[in-house]
Number of protein chains: 2
Amino acid sequence: MTADAAAQPPKACADCRLRQLTCFLPTTPAELAFIQQCRESTPRVRAGRAIIAEHRASPRLFTLYSGWAFRYKTLADGRRQILNFLLPGDFIGLQGEFTDDATHGVEALTHTHLCAFGHDRLWDIFSRQARLGYNVTWLCASEEQLVDENLVTVGRRNAAERIAMLLIHLWRRAERLGLVDEQGGVEFPLTQQHIADALGLSLVHTNKTLRKLERVGLHEIKSARLRLLDPLALQRIADYYAKPMRPVPLL
Amino acid sequence: MTADAAAQPPKACADCRLRQLTCFLPTTPAELAFIQQCRESTPRVRAGRAIIAEHRASPRLFTLYSGWAFRYKTLADGRRQILNFLLPGDFIGLQGEFTDDATHGVEALTHTHLCAFGHDRLWDIFSRQARLGYNVTWLCASEEQLVDENLVTVGRRNAAERIAMLLIHLWRRAERLGLVDEQGGVEFPLTQQHIADALGLSLVHTNKTLRKLERVGLHEIKSARLRLLDPLALQRIADYYAKPMRPVPLL
DNA sequence: CGACCCTTTGAGGGCCGTCAAAGGGGGTGG
DNA sequence: CCACCCCCTTTGACGGCCCTCAAAGGGTCG
């Protein structure tokens, strides 16, 4: 089995690698069987490709199984705002269920594997497995919290604070998924353009601020890996002292 | 019956003034009875007071019945970001169900009337009325879309564009609720400080930009009423051409 | 080895923030 | 009924953060 094969979802949801993590709530066998029945395919999307095209109604729901992605919106003249980043376990495409046009796009940052559910399955979930319906709402509320936090960052923090915030937050989210190595490093597939688009900054200013923080010794980004060298200083700068995260549901 | 009394929720949900509006989806009698049973009180919150205190776990869920409110977060040094505004029919407090501390506050902009549901009722909704559970998710996804839109505004639009966006968007939301008078005016209870906090601008710059748009004849704010004098120009400035809104659920 | 993308750095300017202070307007109390 | 007060609005001056323009340096892949 290659490393690549490990990134693919197994045939049986019971063997799901994500479900073994303590950061996800356990599921009953009945729920697991139901989820597996809803899963109609496990598509792969390579880095830079669209998972959901902007302004096109999304036909399906997904759980991101492996890899990174992001949600974004663009204005007519090309200005782009990244709304939030998506990591394994995140649920994708819920908005498309309730509006005619997908109001945002979703793009893969790395090669990704997805578990796809038919779009007509959402109502099934609520009607046949109430607990899973509750979990869908939970995931939706969680994503909204991410966007809330990003809005505060973009609206009220200066460039250095924004970058500190982004680095801590992404690092913490990766950590709870067990993606941090022994040296405290995580995969970091964002380009500086992505960071700029997420933080409402220009590419140039993003670079200058990022370098300043790096030169002071707060963090290190090298060969697409991020390490936080002074997490406490970063927290202080960002004014972000997050509590330990509770387990969340997984569909 | 005074005008004030009309702003209060009636005893029976079947008599709900909001439910007569075409912008809300119809409910079955069974669902209506269930909702009424969940409603445990109809508190009133006066302008400027907290509906949900920041950093305090919210014990309850609400539907905003009348009046305006807003969700916000503040940083340690006092900087405040308004996340979105709440109008009649909006659902309040869902986030508090899934996190220990309410990560944001909710404050009344005007005198408000609320329908309050016990916090232990959320699971009841999903388990006993699946369709209503589905609707809760719908409302959650709708609110996320508001925040998404605001994040784009704050991250990628300049001051004039931000203000144009806010004015159009709030006006449209009020219009579908039937709150627009014959002169095309709606109640507009925001101070310029609220606008600044919502748009990530300073109070001073908000004032200057607002006055510039007003002097050019795009809109008019007088005695707490907003009128759009040139909606098309505002749309063009904001790059915001929204489709007609679909009916949404109401709890 | 060249092409392309991403990163890095400098220069200059503009948008927007901060500071300061005066001008309404509505509510309260005398 | 008037006067005062407080909050909100308005305007000017000035400075700084961040944007735009420009161009060179590195890394990777065909």
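Quick note on labels: first sequence line is chain A, next is B, and so on, each numbered from 1.
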Decide if atom CZ of R215(A) counts as having more than 12 heavy atoms of other residues, nucleotides or ligands within a radius under 6.0 Å.
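More than 12 heavy atoms, drawn from other residues, nucleotides or ligands, come within 6.0 Å of this atom.
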Cationic N near anionic O, under 4.0 Å, [X] to [Y]:
X	Y	value
R71(A)	E107(A)	no
R173(A)	D90(A)	yes
R157(A)	D239(A)	no

Range on DNA chain D touched by chain B, heavy atoms, distance below 4.0 Å
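On DNA chain D, the outermost contacted nucleotides are dT9(D) to dA13(D).
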Residue list, ring pair (Phe, Tyr, Trp, His ring centres under 6.0 Å) with H194(B), at least two apart or on another chain
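In terms of ring pair (Phe, Tyr, Trp, His ring centres under 6.0 Å), with neighbours along the sequence ignored, H194(B) is linked to F70(B).
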Exercise: identify the closest heavy-atom pair between P9(B) and L114(B)
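Result for this residue pair: CG-O, 4.3 Å.
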Least distance between heavy atoms, T206(A) atom then Q192(A) atom
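Distance-wise, the nearest heavy atoms are CG2-O, 3.9 Å.
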Mind calculating the distance between [atom1] ([X]) and [atom2] ([N]) to the nearest angstrom?
X	N	atom1	atom2	result
D197(A)	dC6(C)	CG	P	11 Å
N207(B)	dC15(C)	CG	P	18 Å
I163(B)	dC15(C)	CD1	P	15 Å
L199(B)	dG17(C)	CG	P	10 Å

For residues 179-188 of chain A, tabulate all N or O donor-acceptor pairs below 3.5 Å that involve a side-chain atom, not counting sequence neighbours.
| unit_1 | atom_1 | unit_2 | atom_2 | d |
| --- | --- | --- | --- | --- |
| D181(A) | OD1 | Q183(A) | N | 2.9 |
| D181(A) | OD1 | G184(A) | N | 3.1 |
| D181(A) | OD1 | G185(A) | N | 2.7 |
| D181(A) | OD2 | R225(A) | NH1 | 2.6 |

Return the 5'-most residue of the pair R156(A), Q192(A) with respect to DNA chain C, ranking by each residue's nearest nucleotide.
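It is Q192(A) whose nearest nucleotide is closer to the 5' end.
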For nucleotides 25-29 of chain C, give me every protein contact, N/O to N/O, under 3.5 Å, one pair per line with atom names.
none

With heavy atoms under 4.0 Å as the rule, sort S202(B) into base, sugar-phosphate or nothing.
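Base contact.
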Applying a 4.0 Å non-hydrogen cut-off, can you work out what G200(A) is touching in the nucleic acid: base, sugar-phosphate, or nothing?
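Sugar-phosphate: the residue G200(A), judged by heavy atoms under 4.0 Å, touches backbone atoms but no base.
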Which is it for W68(B) and L87(B) under the side-chain contact (heavy atoms from CB on, under 4.5 Å) test, yes or no, and what are the steps along the way?
CA-CA 5 Å; W68(B) 293 47; L87(B) 265 58; 3.9 Å; yes
DNA chain C contacts among residues 208-217 of chain A, heavy-atom distance under 4.0 Å
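Within residues 208-217 of chain A, the residues near DNA chain C are K208(A), R211(A).
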Run the ring-centre check on H169(B) versus Y240(B) and record whether the distance is less than 6.0 Å.
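Yes.
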Which residue pairs pass the salt bridge (charged side-chain N to carboxylate O under 4.0 Å, His left out) test when at least one of the two sits in residues 160-170 of chain A, sequence neighbours left out?
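Qualifying pairs, neighbours excluded: E161(A)-R79(B).
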